[in-house]
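Step one of this worksheet: look at the structure below.
Not measured: the values here are computed from a predicted model. Every number for a ligand or one of its atoms is a count from 1 in the order of the listing.
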Amino acid sequence: MSIQNVKSFVAGRWIDADTNARAIHSAVSGDLIARAGTDNLDTQAMLDHARTVGGANLRALTFHDRAKMIKALAAHLSLHKQRLYDISFATGATQKDHYIDIDGGIGTMFVFASKGRREMPDAQVYLDGEVEQLSRNGTFLGQHICTPLQGVAVHINAFNFPIWGMLEKLAPTLLAGVPAIVKPATASCYVAELAVQIMLESGILPEGALQLVSGGLGDMLTRLGNQDVVGFTGSASTAFKLRSDPHILRNSIRFVAEQDSLNASILGPDAVSGTPEFDLFIKEVTKEMTTKAGQKCTAVRRVFVPQNQQEAVIEGLRASLAKITIGNPTDGSIRMGALVSAGQKRDVLQKAAMIGQEAERVFGDPDNFDVIGADADKGAFVPPMLFHCSTPDTAQNVHDVEAFGPVSTVMPYDDLDHAIALTNRGQGSLVASVITHDGDVARKVAMGAGAFHGRLYFNNRDSMKESTGHGSPLPHMVHGGPGRAGGGEEMGGVRGVMHYMQRTAIQGSPDILTSISGKWVPGATEITHDDHPFTRIFHELVIGETHKVGPRVVTSDDIAHFAEFTGDTFYAHMDDAAAKRNPFFPGRVAHGYLLLSFAAGMFVQPDEGPVLANTGLDNLRFMKPVEAGESINVRLTVKHKTPRNDEYGEVRWHVTLTNQAAELVAEYDLLTMNAYDAR
Ligand code: NDP
């Protein structure tokens with residue numbers, strides 16, 4: 001059998017593993033299958049290539065360009081999924097595990113691509129929040145902006161999800177406009193190497209955007225600077241060692257860590273045996289213990305149940321764990337494969353023994369279990385091991401020791417406060433779940449345990465069919481946790497992109513802010529054009545282009561007619577005396593919606609043209625009421641433009657209504673879809 005040479009991709013070239021590279025064994029057969037790593041890694045060349053070539057190439061693109069690139073990469077990886085499945089079995093993973101790792105990773109890329117298009121501008125600057133009014137007359141304003149870091153992201157990944165773990169970091173990094181150097185864990189780096197090869201061969205990525213280190217990272221971390229980021233997933237001890245390096249500390253190098261976590265699941269006090277929630281709980285805990293042979297950063301390690309439900313829960317889990325077949329993951333009937341390596345098996349058994357000092361093992365004997373289609377002595381197999389600890393208050397290891405395999409401990413609680421206190425003894429975790437149909441229970445846990453957990457997952461009979469599972473981090477939601485979970489946060493949609501960007505507070509005049517942000521700011525120069533803006537196609541419209549109309553007098557007949565026609569006979573529009581008793585109104589006033597309708601009637605250009613549809617109003621505020629006899633003027637300004645597809649884009653117009661005294665009556669953003677061609 002040939003030994004695979006797992007290469008690194010260094011400054012545009014594939015580099016072979018050295019003869020003394022690290023050995024990688026099959027998790028299933030124990031055979032030597034690959035070697036990875038080189039002593040001669042040119043770390044400076046990699047960093048220079050990323051910073052000067054990759055960074056420049058990526059920063060030249062807009063967020064939308066990069067989102068399209070990520071989508072294309074995800075689509076390309078999808079075409080090659082089978083190759084990734086095939087190679088992943090040697091890590092001990094089953095086909096179901098591959099779906100989580102490979103399909104889950106590709107799905108995460110698609111979500112980031114879509115969020116980049118929908119929630120970020122087609123520009124190079126991301127605006128964080130609204131314009132801040134820093135002066136009385138509005139000539140000096142503030143705006144927070146985010147721009148890509150001009151360094152490189154070094155991603156140090158864990159062995160358990162070679163694809164998902166890489167892609168969930170890579171997608172937000174590329175979207176931000178930052179190049180990445182990916183360093184997968186050696187035990188499963190051959191899977192990541194194939195995915196990197198597939199991505200690079202696609203030609204979709206610009207040069208320098210992605211490099212790969214298989215094996216050791218050499219001295220790379222000591223060469224990082226203030227524009228670089230380390231994204232780490234793995235053990236708390238490695239995270240501590242790397243992040244506390246004086247070079248990292250001295251240069252304030254961002255270090256986003258996701259590490260060990262003693263995640264918990266609580267069976268709600270209401271979710272007693274016989275309820276749909278009880279059955280759901282048994283299912284969720286079983287799944288979390290056995291998926292990926294328990295090698296999931298989010299797996300349930302601690303199981304908290306009401307005192308009087310202990311026996312029923314243990315019985316339920318015993319019955320469902322007994323159905324878990326263990327063995328060669330290439331056999332489709334196998335439900336749990338092997339741990340990633342013999343080393344991990346030793347580690348898990350040692351940690352399980354530590355838990356066993358405080359708890360009784362009630363299911364699973366590592367010295368006596370069936371392994372189908374593989375040699376139990378050669379592969380890194382362990383059975384699911386369920387422990388029961390009846391003294392969770394005085395026990396320590398059960399809250400402290402992460403056995404990174406199919407190992408969980410059932411513990412009783414007296415009441416909900418007790419359950420919350422026990423859950424929080426994990427000292428910060430990635431996720432805690434509560435299976436309950438009681439909203440009060442959920443609220444109490446959210447208040448009592450939220451601060452200790454990066455994610456709280458509630459499930460019950462209403463959500464169970466569509467729920468995604470305790471252990472599934474989703475690209476839309478943050479993944480990470482406080483304290484011993486590392487204190488980092490990944491994903492969470494656009495939040496995850498921000499790790500790779502610098503937020504800068506910009507202060508200046510409206511024109512300066514408009515120039516930087518590409519978004520018209522009230523007070524900035526207004527541009528006039530002879531033609532009505534509704535006759536101009538998307539690309540002709542310029543930021544700041546303004547159309548003014550008015551005045552139009554609002555009469556009492558208008559108000560009466562609108563009230564009768566729409567049925568809106570609210571007293572403030574009908575009864576002068578009643579309106580006067582209301583502190584908001586001087587007397588009978590026009591409907592706000594009447595004013596909006598008049599504004600539309602005033603600014604619209606009725607002929608068929610490039611404006612295809614009015615798709616909404618944002619940020620509508622009514623500032624000053626209008627009485628009969630007063631008049632309104634309307635100003636419509638192109639605030640922002642976003643291409644949507646090949647035919648049209650969205651134009652955001654800033655609209656103000658003022659009265660005869662030039663006082664602001666109403667303000668809003670109008671959204672229209674405008675064609676790229678004249679109609
Ligand atoms: P490690 O912390 O040893 O490894 C994590 C990553 O860090 C790997 O890519 C590893 O590379 C790399 N690494 C290790 N040392 C260095 C170094 N000095 N410089 C640069 N990179 C380094 O964790 P393991 O993967 O060995 O897993 C050990 C334990 O960590 C598990 O048993 C489990 O308890 C925990 N773990 C937790 C995870 C979580 O998400 N919560 C995920 C995975 C593990 P290499 O493989 O080449 O050594």
Indicate yes or no: does [X] engage [Y] in a salt bridge with an N to O separation below 4.0 Å.
X: Arg51; Y: Asp228; value: yes
X: Arg35; Y: Asp18; value: no
X: Asp245; Y: Lys241; value: no
X: Lys292; Y: Asp97; value: no
X: Lys169; Y: Glu490; value: yes
X: Lys296; Y: Glu288; value: yes

What atoms of ligand 1 come within less than 4.0 Å of a heavy atom belonging to [X]?
X: Phe159; value: 24 (P), 25 (O), 27 (O)
X: Glu258; value: 39 (C), 40 (O), 41 (N)
X: Asp347; value: 32 (O)
X: Arg22; value: 45 (P), 47 (O), 48 (O)
X: Thr233; value: 5 (C), 6 (C), 40 (O)
X: Thr186; value: 45 (P), 46 (O), 47 (O)
X: Gln344; value: 27 (O), 28 (C), 31 (C), 32 (O)
X: Cys297; value: 39 (C), 40 (O), 41 (N)

Kindly state whether the ring of [X] and the ring of [Y] have centres lying under 6.0 angstrom apart.
X: Phe404; Y: Phe159; value: yes
X: Tyr99; Y: Tyr85; value: yes
X: Phe232; Y: His155; value: no

Quick one: look up the protein heavy atom nearest [atom] and list residue, atom name and how far away it is.
atom: atom 43 (C) of ligand 1; result: Ala158 CB, 3.4 Å
atom: atom 12 (C) of ligand 1; result: Ile156 CG2, 3.5 Å
atom: atom 37 (C) of ligand 1; result: Gly234 O, 3.4 Å
atom: atom 16 (C) of ligand 1; result: Thr238 CG2, 3.8 Å
atom: atom 19 (N) of ligand 1; result: Leu242 CD2, 3.5 Å
atom: atom 9 (O) of ligand 1; result: Asn157 O, 2.7 Å
atom: atom 23 (O) of ligand 1; result: Ser235 N, 3.7 Å
atom: atom 34 (O) of ligand 1; result: Glu402 OE1, 2.9 Å

Self-check item: ligand 1 to Ser261 polar contact by distance, N or O atoms, under 3.5 Å
Solution: no
Quiz item: Any N or O on Asn160 sitting closer than 3.5 Å to an N or O of ligand 1?
Solution: no
Exercise. May I ask you to check whether His479 and Glu168 show a side-chain donor-acceptor distance below 3.5 Å?
Key: no
Practice problem: Would you tell me whether His399 and Arg302 have side-chain atoms, one donor and one acceptor, within less than 3.5 Å of each other? | Solution: yes
Practice problem: For the residue pair Asn226 and Ser252, establish whether any side-chain heavy-atom pair is separated by less than 4.5 Å. | Solution: no
Quiz item: Has Lys241 got any heavy atom lying under 4.0 angstrom from an atom of ligand 1?
Solution: yes
Exercise. Indicate, as side chain, backbone, both or neither, the part of Leu221 found under 4.0 angstrom from ligand 1 when only non-hydrogen atoms are considered.
Key: neither
